[in-house]
Amino acid sequence: MTDPHDDASRPADLPALRRRLADFAAARNWQPYHTPKNLVAALGVEAAELQEIFQWLTPEESARVMDDPDTAHRVTDEVADVLAYLLQFCEVLGIDPLAALAAKIDRNEYRFPVPERSDTPPRA
């Protein structure tokens, strides 16, 4: 077993992380529980836990949240939980998350073109 704090020993590329998540679940026989419904519910819970950290912070405090080591650790852990469940959800449904994101950006670039330059500021 490797040291869980030794980040340098772990690959950080998306396919390797997806394999590690699948292997982790398979080794524990968790696949029957990793249904789209369960994974998306877990994703929502983890996103809410991330949101909870910021719930009562001012905008200024939220911008500095990573300055406090304890809070930074909590935020990082919750981001990891959200990403882990999102990747597992995509795996179960056969979604390539990077292709999905690229396609979404393409659609948004078409839907929301860069405004032509004018001397008057845009109205809100």
Find the distance between OH (Tyr85) and CG (Leu21) and round it off to the nearest 0.5 Å.
10.0 Å
Mind checking the OG1-CZ spacing from Thr35 to Phe89? Nearest 0.5 Å is all I need.
9.5 Å
Quick one: pull up CG in Leu83 and CD in Gln88 and give me the separation to the nearest 0.5 Å.
10.0 Å
Through direct or indirect side-chain contacts below 4.5 angstrom among Ile, Leu, Val, Met, Phe, Trp and Tyr, which residues connect to Val79?
Leu50, Ile53, Phe54, Leu57, Val65, Met66, Val75
Would Val82 end up clustered with Ile95 when hydrophobic side chains under 4.5 Å apart are linked, directly or stepwise?
yes
Verify, without hydrogens or angle tests, whether Asp81 (side chain) and Glu46 (backbone) share a donor-acceptor contact under 3.5 angstrom.
no
Side-chain heavy atoms under 4.5 angstrom apart, residues restricted to Ile, Leu, Val, Met, Phe, Trp, Tyr: same cluster for Leu86 and Leu39?
yes
In Å, rounded to the nearest 0.5 Å, how long is the span from CD of Glu91 to NE2 of His34?
11.5 Å
To the closest 0.5 Å, what do you measure between CG (Asp67) and CD (Glu61)?
11.5 Å
Would you say Val40 and Val92 are hydrophobically clustered, going by side-chain heavy atoms of ILVMFWY under 4.5 Å?
yes
Test side chain to side chain donor-acceptor pair (under 3.5 Å) on Asp77 and His73; report intermediate values, then the result.
CA-CA 6 Å; Asp77 272 0; His73 179 72; 3.3 Å; yes
Inter-residue atom distance Arg18.CZ - Asp96.CG, 0.5 Å rounding
6.5 Å
Within 45° of the ring axis of Phe24 and under 6.0 Å from its six-membered ring centre, is that where the NZ or CZ of Arg20 lies?
no
Is a side-chain N or O of Arg74 found less than 3.5 angstrom from the main chain of Asp70, in a donor-acceptor match?
no
When you measure from the side chain of Glu109 to the backbone of Asp106, do you find a donor-acceptor pair of N or O atoms at a distance under 3.5 Å?
no
Look only at the side chain of Gln51 and the backbone of Ala47, and say whether a donor-acceptor pair between them is shorter than 3.5 Å.
no
Would Leu43 end up clustered with Leu93 when hydrophobic side chains under 4.5 Å apart are linked, directly or stepwise?
yes
